[in-house]
Student: 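One structure coming up, written as structure tokens, with questions to follow.
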Amino acid sequence: MIKKVLVANRGEIAIRVMRSCREMDIRSVAVFSDADRSSMHVRYADEAYHIGPSPSAESYLVIDKIIEVAKKSGADAIHPGYGFLSENAEFSDRCKAEGIVFIGPDSHAINTMGDKITSRKKMIAADVPVVPGTTDPIIDEDEAIKTINEMGLPVMIKASAGGGGKGMRLVKKESEILSSIRAARSEALNSFGNDAVYIEKYIDSPHHIEFQILADNHGNAVHLFERECSVQRRHQKVVEETPSPIMTPEVREEMGKHAVAAAQAVNYSGAGTIEFITDNDLNYYFLEMNTRLQVEHPITERVVGVDLVKQQINIANNEVLKLKQDELQQKGHAIECRIYAEDAENNFMPSPGVIKHMSEPLGLGIRHDGYVYEGFEIPIFYDPMISKLIAWAETREEAIERMRRALYNYKITGIKTSMKFLERIMETPDFVNGQYNTHFVEDNMEFLMAKPDYEGDNEDMAIITAFINYTDKLDKMQPEPMKKNMAKNWKDFGRKRSILRL
Amino acid sequence: MIKKVLVANRGEIAIRVMRSCREMDIRSVAVFSDADRSSMHVRYADEAYHIGPSPSAESYLVIDKIIEVAKKSGADAIHPGYGFLSENAEFSDRCKAEGIVFIGPDSHAINTMGDKITSRKKMIAADVPVVPGTTDPIIDEDEAIKTINEMGLPVMIKASAGGGGKGMRLVKKESEILSSIRAARSEALNSFGNDAVYIEKYIDSPHHIEFQILADNHGNAVHLFERECSVQRRHQKVVEETPSPIMTPEVREEMGKHAVAAAQAVNYSGAGTIEFITDNDLNYYFLEMNTRLQVEHPITERVVGVDLVKQQINIANNEVLKLKQDELQQKGHAIECRIYAEDAENNFMPSPGVIKHMSEPLGLGIRHDGYVYEGFEIPIFYDPMISKLIAWAETREEAIERMRRALYNYKITGIKTSMKFLERIMETPDFVNGQYNTHFVEDNMEFLMAKPDYEGDNEDMAIITAFINYTDKLDKMQPEPMKKNMAKNWKDFGRKRSILRL
Amino acid sequence: MLEVKVGERLAKVKLMSRDGNTVQVKVDEKIYNLDLLEVEKGVYSILKDNRSYNVELVEGDNAKEFTVNTYEESFDVNIIDAETRYLMNRGNGDEDDGDKAISSPMPGKVVSIPVKVGDKITEGTTVVVVEAMKMQSEYKVKVDRVVKEILVKEGEAIDGKQALVIVE
Amino acid sequence: MLEVKVGERLAKVKLMSRDGNTVQVKVDEKIYNLDLLEVEKGVYSILKDNRSYNVELVEGDNAKEFTVNTYEESFDVNIIDAETRYLMNRGNGDEDDGDKAISSPMPGKVVSIPVKVGDKITEGTTVVVVEAMKMQSEYKVKVDRVVKEILVKEGEAIDGKQALVIVE
């Protein structure tokens with residue numbers, strides 16, 4: 001039985017994991033870099049250990065340091081969160097070798113799913129649909145041209161070892177084929193030290209739809225339905241929702257079965273996500289598997305009513321999965337907005353800094369997972385995501401209205417955030433109508449960046465407030481004798497405070 | 001169609017109503033007394049009107065003032081919240097006479113349910129079980145003694161016009177009968193100007209179980225299941241949960257039908273609550289009806305998945321109720337803890353004051369409805385409830401664990417609150433086992449007031465922190481030349497700030 | 001070195017060394033090596049042998065009085081310096097000696113004052129009734145007294161700990 | 001009277017009268033009668049003809065610069081006093097005249113400086129690459145320039161708005 005969990009992460013996900021640990025009466029151990037001494041996850045944990053300098057390569061990514069803390073603290077398990085070491089096969093193996101439970105899959109599953117070509121082959125063998133294309137890395141240029149011509153344009157050339165858009169080229173015209181292959185291979189070599197590429201049919205107007213799965217160590221696996229994650233900017237998800245507005249019950253059931261088959265093909269254990277690329281006609285193809293908890297897992301938790309971190313811990317405890325596929329159901333609709341410390345009006349440039357003031361939105365149907373607090377300085381070293389706002393309602397329409405309400409009252413000052421941008425997304429007709437794909441942000445940029453007209457006198461009120469605040473400050477700076485018309489009670493107030501009231 | 005709602009209330013319920021209004025694109029109008037100028041509901045509303053001095057009798061309870069604001073602001077409806085004018089039949093009538101929609105039932109329903117004896121008769125006529133006892137007010141003492149002897153002791157003598165425990169006497173021994181009747185009548189006369197009393201069978205180990213109902217203006221009514229509200233102190237609810245741990249599906253169905261029958265007996269419109277007194281064998285009896293929204297409505301919202309304020313507004317809009325009884329279901333378990341500004345260790349004495357610092361609990365399964373903020377001074381004139389914490393989970397056990405986790409991290413400083421007391425309730429075996437009745441707090445007082453042992457050095461850490469804070473303050477007070485060993489960067493910091501950085 | 005009072009305990013506290021967050025403090029005979037950092041105004045994060053404490057301070061009526069909250073427990077802490085010790089010694093006479101001010105711990109409104117100046121009142125007599133937050137509290141004398149001075153009027157708003165009635 | 005700058009607008013603001021929360025302020029030719037109250041530090045509640053505004057101020061680099069948030073909109077507001085006007089006038093020359101400092105609006109770490117002192121660089125040349133929060137930003141010159149001075153090293157942590165490279 002797991003009694004103490006080291007959370008090898010920071011930020012909101014570290015706190016989210018610790019919350020479930022506390023509910024399970026499991027003690028939590030935090031690790032922190034130089035930049036994170038004052039971070040909330042350190043304050044929240046039962047124990048906290050310093051693991052090195054601020055850059056994650058010297059702290060959160062150093063397997064030896066994490067293992068050392070686990071041993072020193074007597075943690076019997078490690079939860080990797082997302083990012084950092086969460087999809088590192090070596091780390092999973094190392095934990096096992098050290099007798100520490102890794103809350104996640106084994107290295108076989110991570111490695112298989114981590115390589116695009118290997119996972120593609122596995123999926124084909126498991127009858128999971130994949131994007132039409134090559135399964136073997138292509139070195140020979142003539143062969144590549146032949147394959148592309150057979151497949152028909154447009155196609156995507158992708159680095160076998162790739163990710164994050166690097167070593168990727170879209171080919172629409174025949175004349176671009178050769179130059180694109182060469183560019184992709186050279187970029188792949190530079191980025192990943194491996195110039196193997198493969199070719200895939202390019203899906204126009206694609207949707208990013210993913211399925212949450214849970215699998216135990218006893219051969220049981222279920223899916224917890226889909227998440228629609230097509231609202232992206234710079235290949236990063238911004239808004240997710242479940243159910244997907246384009247999904248049908250028939251396709252959902254079929255996709256869910258394929259998602260479970262995909263997980264079982266690698267003897268998966270724990271929580272994982274199968275990503276599908278889906279076109280407007282609901283043709284879907286396996287894209288990749290994320291062998292960890294996703295940022296957007298809360299929308300599934302809300303609609304299905306399951307605590308995914310607790311499920312992960314139970315599975316790591318070798319327990320048998322209690323969830324049965326035919327008992328699971330989606331109730332209502334949930335939307336997540338990711339709040340980034342960034343300047344949406346200035347090409348989404350990160351905006352680290354000190355949080356001056358916060359008002360968090362609360363009330364019916366709102367979940368808020370964050371980690372910053374007033375006076376906290378957001379470090380420059382890590383991801384700019386500072387919180388996640390999750391709205392649930394009976395219907396999609398109501399969930400959007402609730403999200404708008406919550407964003408309207410959510411305030412974080414001192415830094416720039418993406419909140420206004422998210423508010424605009426909630427008002428964008430394509431989003432409101434549920435008719436959007438991964439081109440959404442691009443296609444709607446003009447609407448998203450336009451400033452709505454508000455009635456009332458916001459600008460004059462802003463001017464007046466700044467004016468009053470400034471003149472009041474000036475007044476306070478005047479030496480005592482220069483102040484005229486001081487009300488008596490203000491004097492008394494000052495006198496009262498002078499008795500060592502610092 | 002309602003387009004602008006005046007919320008004739010303050011505190012958390014005013015904000016809660018405004019949130020649903022915003023989601024429905026309805027503008028909200030706040031009213032405030034002298035003491036509430038800086039209250040959150042004023043800041044939250046679209047419009048705000050001052051309605052008089054701090055005592056509620058001179059502001060929130062003055063019908064003329066509320067109506068005047070409704071007319072001035074052009075509000076087409078008034079939501080009364082709970083308390084204040086929410087169960088005032090005259091107010092309901094007055095709204096109607098002025099052409100303003102009262103979001104609540106008509107005066108007939110309020111009056112009928114507001115009088116214990118009238119409502120009792122109505123319920124008997126509608127075949128809703130009532131506590132064995134008299135239906136007519138008793139003036140004659142001999143008749144009273146005869147009735148009591150027939151009914152068998154123990155019995156309760158209650159003021160017909162009563163409420164809040166006044167004019168109430170429990171009679172256990174025959175020798176107490178006469179003196180108790182006299183005492184109850186004299187108290188009733190003093191408190192309510194009416195000395196009529198009635199006699200009821202006293203239920204030992206009673207549970208307070210209530211049913212939420214919704215009824216429209218077209219004859220449709222449903223119930224939204226029960227709430228268990230037996231954890232009370234000084235006849236005030238402290239913790240509520242749904243489902244009730246003692247409920248069975250059969251009794252639930254039967255009670256629900258009776259609750260709907262009770263509402264229909266007075267042609268009820270809107271949201272209301274039927275309170276039943278229930279014994280350990282699940283014999284239940286109609287107690288009273290609350291003809292308004294309840295403080296504890298969020299646990300029903302969470303488990304049934306319905307926004308009750310929106311339902312109220314839709315009903316007030318003359319819409320047909322969309323909810324169907326056979327489609328409604330309870331999912332999981334929800335618990336509410338009421339956070340009061342009070343000193344639980346000192347006989348629950350109210351503790352108004354200024355909020356210094358707050359950390360609100362967030363995350364999966366937590367809803368938080370409050371209204372105070374850092375720097376806010378809680379007025380002395382109104383109810384000491386400052387917020388409500390609602391925890392939901394798949395099971396009751398998990399909901400309790402989640403509530404404990406949330407209370408553990410919830411901090412409000414500057415005033416005393418009931419949080420530690422609530423944390424203890426979550427740990428009390430009778431509560432954890434779901435075996436409790438309205439005597440719970442009384443029966444478990446010793447456990448509730450005992451301080452648990454904690455490992456670690458909390459006390460020494462408290463001492464050290466205060467010591468460091470104090471000596472740091474002393475140090476800052478020293479004139480500049482006396483400070484030695486000032487680090488260079490501190491000097492720079494000071495210099496930087498001196499450029500009109502106030 | 002300072003003395004710090006928590007409940008009945010009077011602890012001797014001494015700062016042994018301090019370098020940034022790293023402090024060594026002696027509390028009575030125990031030496032603590034801590035990583036101590038003020039993370040928000042009045043809120044400290046302490047790591048003691050890697051155990052994490054989140055400690056919130058709330059100042060009381062003066063800079064020497066604190067309510068201190070950890071996640072688990074709450075303490076009333078007083079710093080005892082020379083001035084405080086002098087006041088403590090001076091005020092440490094017999095509780096029933098001389099004048100005594102009746103006050104309410106909380107702010108509120110005076111509902112009634114059922115006594116008048118000069119009244120000889122017996123143990124348990126209510127001298128003032130205060131209302132706050134819809135609840136009335138009665139303040140009584142614990143021994144026989146004489147009402148010397150009434151400082152407030154019925155209906156008047158009062159502060160917490162403000163003297164309302166003086167008895168002797 | 002003070003001038004207050006919002007975007008391109010320069011508004012003349014004058015306090016006509018003030019009595020507690022009740023203030024009368026003239027903004028350009030418009031007179032506002034407001035109930036204005038600071039409810040939290042830097043957060044104001046304003047009632048204007050019963051319309052409720054919740055206004056948050058965040059001070060910028062000095063006491064005259066603010067970011068001001070209402071529920072609906074956000075503004076950058078500058079108070080223009082004599083000192084500011086002097087500085088504005090002095091600094092109002094042609095943008096391309098003389099030396100120019102290249103800086104990053106956000107704090108971060110210098111990843112690389114692909115130029116050296118004396119380099120003649122053409123429009124669009126990247127002079128410094130800064131990383132913050134897992135994202136790299138390149139800072140380029142908008143016209144042909146000569147690199148005059150390099151003030152930071154690769155790998156160095158920098159503040160927002162700090163001068164990194166001087167070009168002329």
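Keep in mind that the numbers below use all heavy atoms, side chains included, and drop hydrogens, waters and symmetry copies. In the text below, chain A, chain B and the rest are named by the order of the sequence lines, each starting its count at 1.
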Student: I need the minimum non-hydrogen distance between A:P350 and D:A132, along with the two atoms involved.
Tutor: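 That closest heavy-atom pairing would be CG-O, 3.6 Å.
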Student: Pick whichever of A:N346, A:T413, A:N347 has the most heavy-atom pairs under 4.5 Å with chain D.
Tutor: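 Winner by heavy-atom pair count: A:T413.
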Student: Would A:D460 and D:K48 satisfy salt bridge (charged side-chain N to carboxylate O under 4.0 Å, His left out), going step by step from the backbone distance to the final call?
Tutor: CA-CA 11 Å; A:D460 279 6; D:K48 182 204 143 245; over 6 Å; no
Student: Surrounding CD of D:Q162 (heavy atoms of other residues, nucleotides or ligands, distance under 6.0 Å), is the total greater than 12?
Tutor: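 Yes, CD of D:Q162 has more than 12 neighbouring heavy atoms, counting only those of other groups under 6.0 Å.
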Student: Salt bridge check, D:R9 against A:E459: does any charged N sit closer than 4.0 Å to a carboxylate O?
Tutor: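 D:R9 and A:E459: salt-bridged.
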Student: Would you mind checking which part of D:T70 comes under 4.5 Å of any heavy atom in chain A, side chain (CB onward), backbone (N, CA, C, O), both or neither?
Tutor: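 Both parts, heavy atoms under 4.5 Å.
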Student: Which atom pair, heavy atoms only, marks the closest approach of A:A466 to D:V68?
Tutor: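 Taking every non-hydrogen atom into account, CB-CG2, 4.5 Å.
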Student: Side chain from CB out, backbone as N, CA, C, O: work out which of these in D:K14 comes under 4.5 Å of a heavy atom of chain A, or both, or neither.
Tutor: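 Answer is backbone: N, CA, C or O of D:K14 sit under 4.5 Å from chain A.
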Student: Pick whichever of D:L57, D:V55, D:V4 has the most heavy-atom pairs under 4.5 Å with chain A.
Tutor: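 Highest number of heavy-atom pairs under 4.5 Å: D:L57.
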Student: Given heavy-atom pairs under 4.5 angstrom as the criterion, report whether the side chain, backbone, both or neither of A:S351 touches chain D.
Tutor: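 Answer is backbone: N, CA, C or O of A:S351 sit under 4.5 Å from chain D.
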Student: Minimum heavy-atom separation for D:R51 and A:G456, please, with both atom names.
Tutor: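 That closest heavy-atom pairing would be NH1-CA, 3.7 Å.
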Student: Should the heavy atoms of other residues, nucleotides or ligands under 6.0 Å from NZ of D:K140 be counted, would the total exceed 12?
Tutor: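 Count over threshold, so yes.
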Student: Working to the nearest 0.5 Å, report the span between OG1 of A:T471 and CD1 of D:I79.
Tutor: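 Interatomic distance, A:T471 OG1 to D:I79 CD1, rounded to 0.5 Å: 8.0 Å.
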Student: Quick one: closest heavy-atom pair of A:P379 and D:M133, and the distance?
Tutor: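 That closest heavy-atom pairing would be O-CE, 3.5 Å.
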Student: If I take atom CD1 from residue A:I464 and atom NZ from residue D:K26, how far apart are they, to the nearest 0.5 angstrom?
Tutor: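 Between A:I464 CD1 and D:K26 NZ, I get 13.0 Å after rounding to 0.5 Å.
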Student: Nearest 0.5 Å please: distance from the OH atom of A:Y470 over to the CG atom of D:L2.
Tutor: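 Between atom OH of A:Y470 and atom CG of D:L2 there are 6.5 Å.
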Student: If you count heavy atoms of other groups shown closer than 6.0 angstrom to NZ of D:K109, is the number above 12?
Tutor: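 At most 12 heavy atoms, drawn from other residues, nucleotides or ligands, come within 6.0 Å of this atom.
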Student: Can you tell me which portion of A:Y382 sits under 4.5 Å from chain D's heavy atoms? Options are side chain, backbone, both or neither.
Tutor: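 For A:Y382, the backbone is the part near chain D, not the side chain.
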Student: For a side-chain hydrogen bond (donor to acceptor under 3.5 Å, both in side chains) check, start with the C-alpha distance between D:Y71 and A:N458, then their side-chain angles and the critical distance, and finish with the verdict.
Tutor: CA-CA 9 Å; D:Y71 276 136; A:N458 288 325; over 6 Å; no
Student: Are A:H357 and D:V43 packed together at the side-chain level, in the sense that at least one heavy-atom pair is separated by less than 4.5 angstrom?
Tutor: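 Yes, side chains in contact.
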Student: Under a 4.5 Å heavy-atom cutoff, which of D:K30, D:E131, D:E38, D:E40 has the most pairs with chain A?
Tutor: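 So the answer, after comparing D:K30, D:E131, D:E38, D:E40, is D:E40.
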Student: Heavy-atom distances under 4.5 Å only: say whether A:F348 touches chain D with side chain, backbone, both or neither.
Tutor: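 The backbone, not the side chain.
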Student: Against chain D, work out which of A:D383, A:N409, A:D457, A:I468 has the most heavy-atom pairs shorter than 4.5 Å and name it.
Tutor: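 Top count of heavy-atom pairs under 4.5 Å with chain D: A:D457.
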Student: Against chain D, label A:S359 side chain, backbone, both or neither, depending on which of its atoms sit under 4.5 Å from a heavy atom there.
Tutor: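 Just its side chain gets close to chain D.
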Student: Tell me, side chain or backbone of D:L15 under 4.5 Å from chain A's heavy atoms, or both, or neither?
Tutor: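 Looking at D:L15, backbone and side chain both touch chain A.
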Student: Examine whether an atom of A:E377 lies under 4.5 Å from a heavy atom of chain D, and if so say whether it belongs to the side chain, the backbone or both; otherwise answer neither.
Tutor: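 Neither part; nothing is under 4.5 Å.
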Student: Answer whether the closest heavy-atom distance between the side chains of A:F467 and D:V27 falls below 4.5 Å.
Tutor: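 No; the side chains remain at least 4.5 Å from each other.
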Student: Looking at A:A462 and D:F75, what are the two nearest heavy atoms and their distance?
Tutor: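 Between these two residues, the closest heavy atoms are CB-CD1, 3.6 Å.
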Student: Just by modelled atom types, is the D:E72 backbone N or O under 3.5 Å from a matching donor or acceptor in the A:K420 side chain?
Tutor: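 Flag set: sc A:K420 to bb D:E72 pair under 3.5 Å.
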Student: State the NZ-OG distance between A:K451 and D:S74, to the nearest 0.5 angstrom.
Tutor: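 So the NZ of A:K451 and the OG of D:S74 are separated by 7.5 Å.
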Student: Hey, are A:K473 and D:E59 close enough for a salt bridge, meaning a charged N less than 4.0 Å from a carboxylate O?
Tutor: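 Salt bridge present between A:K473 and D:E59.
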Student: Considering only heavy atoms, which portion of D:Y53 lies under 4.5 Å from any heavy atom of chain A: side chain, backbone, both, or neither?
Tutor: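 Just its side chain gets close to chain A.
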Student: So D:L34 and A:M461, do their side chains get closer than 4.5 Å, heavy atoms only?
Tutor: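 A side-chain contact exists here, since the closest heavy-atom pair is under 4.5 Å.
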Student: Relative to chain A, which segment of D:V77 carries a heavy atom at a distance below 4.5 Å: side chain, backbone, both, or neither?
Tutor: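 Answer is side chain: those atoms of D:V77 sit under 4.5 Å from chain A.
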Student: Roughly how far apart are D:L10 CG and A:I463 CD1, rounded to 0.5 Å?
Tutor: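 One gets 9.5 Å once the value is rounded to the nearest 0.5 Å.
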Student: Against chain A, label D:E56 side chain, backbone, both or neither, depending on which of its atoms sit under 4.5 Å from a heavy atom there.
Tutor: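 Answer is side chain: those atoms of D:E56 sit under 4.5 Å from chain A.
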